[in-house]
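The chains referred to below are lettered A, B, ... by the order of the sequence lines, with proteins before strands, and numbering in each begins at 1.
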Amino acid sequence: MSFFKKLKDTFAQSKESEEISDKYKEGLSKTRASFSTKLNDLVARYRKVDEDFFEDLEEILISADVGVNTVMTLVEELEMEAKRQNIKDARDLKEVISEKLVAIYAGEDFGKQVPLNLQENDLSVILFVGVNGVGKTTSIGKLAYQLSQEGKKVLLVAGDTFRAGAIQQLSVWGERVGVDVIKQSEGSDPAAVMFDGIKAAKSRGADVLLCDTAGRLQNKVNLMNELTKVKRVIEREIPGAPHDVLLVLDATTGQNALIQAKTFAEATDVTGIVLTKLDGTAKGGIVLAIRKELNIPVKYVGLGEKMTDLEPFNPEAFVYGLFSDMLTEE
Amino acid sequence: MAFEGLADRLQSTIKKMTGKGKVTEQDVKEMAREVRLALLEADVNFKVVKDFVKKIKERAVGAEVIDSLTPGQQVIKIVKEELTALMGGEQSKIAVSERPPTVIMMVGLQGAGKTTTSGKLANLLRKKHNRKPLLVACDVYRPAAIDQLETVGKQLGIPVFSQGTEANPVDIANEAIQHAKDEHLDYVIIDTAGRLHIDENLMNELTTIKNNVSPDEIFLVVDAMTGQDAVNVAETFDGVLDVSGVVLTKLDGDTRGGAALSIRAVTNKPIKFVGMGEKLDELEAFHPERMASRILGMGDVLTLIEKAQDNVDEKKAKELEEKMRSQTFTFDDFLEQMDQVKSMGPLDEILGMLPGASKMKGLKNVQIDEKQLVHVEAIIQSMTKKERKDPSLMNAGRKKRIAKGSGRPVSEVNRLLKQFEEMKKMMKQMSGMQSGKKGKRKKGMNLPFM
């Protein structure tokens, strides 16, 4: 059975998954259009599989910000595969390409969504980290909205005491969503604010504590140490916490995203990624590279500016969104 | 993540070539591939890379590289020249309107750093150009964006014009300019909301603001870490607004910043400033040369190559290489080599240009004693011609004489002799290595003055 058909069938099964995939389709319309159209063009342009074909394929993948290393390995594997199966017609290779991509996206547990590590009947602490301007505060606001919609008691901590206006920004989100924000004044010690936040969460019986931190470039050693300290304070107050450390990544970021993921993971044991601004860009390849090289799962993606536009990352739906043009064509 | 710089990449390609004597077209192709990979890894847009590599190939296939003694360095030199040419000159001038206030509009994607850059720019205008700027808060969408600009303004002591989040950005901009006129402020910096380049409504809003305030400058603020999409962003913003310049932010991170090249190539607009830190005085003029080196990940090797080229006679270098191989390297040759190195400039400066040298702990604060060089010279010059050719002649009496002649203690003469012998041994190893064996390259040449 064709690989596409398999994927399509998975989605025909339930109404619910159709809704999800529609959202992805819409949010990723830009991504999909450029990626799968390019792949279709490529296949149409080259009847025969030759060196130039692979070079162009390389470029399509690189243009989606898939890491250079990942692309090189992938294309090498494909070349071998083409030789092994004696594939000469480009159309026959299309499926192999997609299959390989999906395999990387999803790893061995294809299709498995990785949810937040929420504690039952106990406080869950989630720490948000990342470089400047990726959308940490906005993601926290959106997640706070979702969790309170689910009936959870949510509390926010304004741990970005450095950037001008950051505390106010989180406070506005708190008002919008209707949750409390624990804060101190600008310039105070972020670890101390975290300590306050945990105390408040405990005494108020909160279910989830979402901790904002200041954006920092990963090559600033002092600031990364500060982050490690913040995490240590949380660990000390609640054994087993933080239950999730979410690295927020901007989907428009290029190769540096890999370095970001690696360095932040070293400093704070990142457990998942929030990929933001995925709606506006022609990219998505960063997910591929990070999954392949660091094996950190994407937990959420930002697909728009509305409060409801943060979606749990669904690899199947994501892949479906990427290839849906090709699917309908078959 | 081991992102090798272009220099390292080319090095390994060249290693395969040494001993071949001639660079073939296939070699050039391989080098072109390395250039391509290096640029792609630096996030330069693949289309830009394609054109660029084509140009490099054309030049490299020409006689320039093939006849050169050091083909790898020639390729790097060509790459650098082309890269710098593409990046344009240094242009950090800010327009001045004949009828004040001069209006500057800041535009870009969310999170690029528009608000911080607005503050930095206002600070620069006041400090360096002695101007009176006004910051205008037109981002009515992002929560607390106005608070952020107001806080920045307070920190700098620069006035901020705002009308809350209910007002229309176009009206705010119009009234801000009137306000600046009334208060005799000569620059107006409009901080607009971040937006996706594909968001037509918000892009139209920018056009309306532009038509209303007719800005003298429109700066596109771009995150230096942006990947392949930088081209689309720059093209769209420039297409809609005809921007006058680019500000590259977060360049104090460890990104290669290939986006700079992409933007420059597709818009042909100058990159005027770069953000180098979170503090409000960390805005610098853009240096194309430095950016070129950074994209290639190679320190300032290029300047070093140029210096070497100016000062090292290729014929002499070849002779020297021959001598090293045949083990006929004498103190005279040594003296000559020292002269050549010295003519390239102060040693610590040369060291500073080596990629990675600044990161090596031991080398970070090394102060090379130029006096020692003079001592070494004095000792060699106190030797007779025979002694310089054949150090095995040395005995206690000769050493004493040399020490007296140079005014250095005998122990120092001894040390130099020993080091010279070691150096010769090392050369033997190295020439063995060049013929294919992998040697202890890492140890490096133990020059007596280092």
Side-chain angles (χ1 to χ4, degrees), chain A residues 30 34 58-60 62-65 67-69 71-72 131-135 137-138 141 162-173 175-176 186 214-220 223 250-263 276-277 279-283 285-286 293 305, chain B residues 1-3 37-38 40-47 49-50 109-116 119 141-155 165 194-199 223-233 249-250 252-259 277-278 280:
Chain A
K30 184 89 205 266
S34 48
E58 237 171 62
E59 273 168 10
I60 290 178
I62 280 167
S63 72
D65 276 326
V68 175
N69 282 343
V71 173
M72 296 302 154
V131 301
N132 318 59
V134 287
T137 311
T138 308
F162 180 80
R163 202 203 69 202
I167 299 172
Q168 289 100 311
Q169 190 180 347
L170 194 70
S171 305
V172 173
W173 272 107
E175 275 165 40
R176 273 191 199 172
E186 207 177 294
R216 63 202 75 215
L217 295 174
Q218 71 278 7
N219 60 338
K220 307 274 157 101
L223 294 177
D250 183 333
T252 38
T253 308
Q255 308 286 320
N256 197 250
L258 270 173
I259 306 178
Q260 285 172 29
K262 199 175 172 227
T263 321
T276 61
K277 310 182 201 174
D279 49 328
T281 115
K283 315 300 156 205
I286 213 74
E293 295 191 18
E305 303 205 53
Chain B
M1 216 62 38
F3 281 151
L37 281 177
L40 286 174
E41 278 185 348
D43 286 325
V44 181
N45 183 268
F46 73 95
K47 280 187 220 144
V49 172
K50 208 171 188 174
L109 298 181
Q110 293 99 332
K114 284 175 298 302
T115 308
T116 307
Y141 306 104
R142 197 192 58 178
I146 297 173
D147 290 317
Q148 186 183 352
L149 195 67
E150 278 174 347
T151 311
V152 167
K154 217 181 284 167
Q155 282 169 8
T165 52
R195 61 204 74 214
L196 292 172
H197 52 295
I198 52 164
D199 188 330
D223 186 330
M225 294 180 277
T226 313
Q228 296 288 324
D229 211 31
V231 161
N232 301 330
V233 174
T249 61
K250 307 177 205 174
D252 50 327
D254 54 10
T255 178
R256 285 276 166 74
E278 297 197 57
L280 290 168

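No salt bridge links A:Arg216 with B:Glu278; every basic N to acidic carboxylate O contact stays at or beyond 4.0 Å.
Contact annotation for B:Lys50: only side-chain heavy atoms (C-beta onward) come within less than 4.5 Å of a heavy atom of chain A. Residue B:Glu150: no heavy atom, backbone or side chain, is found under 4.5 Å from chain A. Residue A:Val71 does not touch chain B at all, counting heavy-atom pairs closer than 4.5 Å.
In this structure the side chain of B:Met225 never reaches within 4.5 angstrom of the side chain of A:Gln255, judged on heavy atoms.
Annotation: side chain to side chain donor-acceptor pair (under 3.5 Å) contacts of B:Asp43 (sequence neighbours excluded): none.
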### Query
Yes or no on side chain to side chain contact (heavy atoms under 4.5 Å, CB included) for A:Asp250 and B:Gln110, after CA distance, side-chain angles and deciding distance?
CA-CA 10 Å; A:Asp250 183 333; B:Gln110 293 99 332; over 6 Å; no

### Query
Can B:Asp254 and A:Asn256 be said to form a side chain to side chain contact (heavy atoms under 4.5 Å, CB included), step by step?
CA-CA 8 Å; B:Asp254 54 10; A:Asn256 197 250; 3.0 Å; yes

### Query
How far apart are the C-alpha atoms of A:Leu217 and B:Asp252, what are their side-chain angles, what is the distance that settles it, and do they pass the side chain to side chain contact (heavy atoms under 4.5 Å, CB included) test?
CA-CA 8 Å; A:Leu217 295 174; B:Asp252 50 327; 3.2 Å; yes

### Query
So B:Leu37 and A:Met72, side chain to side chain contact (heavy atoms under 4.5 Å, CB included) or not? Walk me through it.
CA-CA 10 Å; B:Leu37 281 177; A:Met72 296 302 154; 3.0 Å; yes

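Contact detail for A:Arg176 and B:Tyr141: the closest heavy-atom pair is NH2-O, 4.2 Å. Considering every non-hydrogen atom in both B:Gly111 and A:Lys277, the closest pair reads CA-NZ, 4.0 Å. B:Ala144 approaches A:Gly165 most closely through the heavy-atom pair CB-O, 3.6 Å.
Counted by atom type alone, A:Gln169 and B:Asp147 present zero donor-acceptor pairs between their side chains at under 3.5 Å.
The CG atom of B:Leu40 lies 4.5 Å from the CD1 atom of A:Ile62; values are rounded to the nearest 0.5 Å.
Contact tally against chain A (heavy-atom pairs below 4.5 Å) for B:Gly258, B:Gly253, B:Ala259, B:Ala224: the top residue is B:Gly253.
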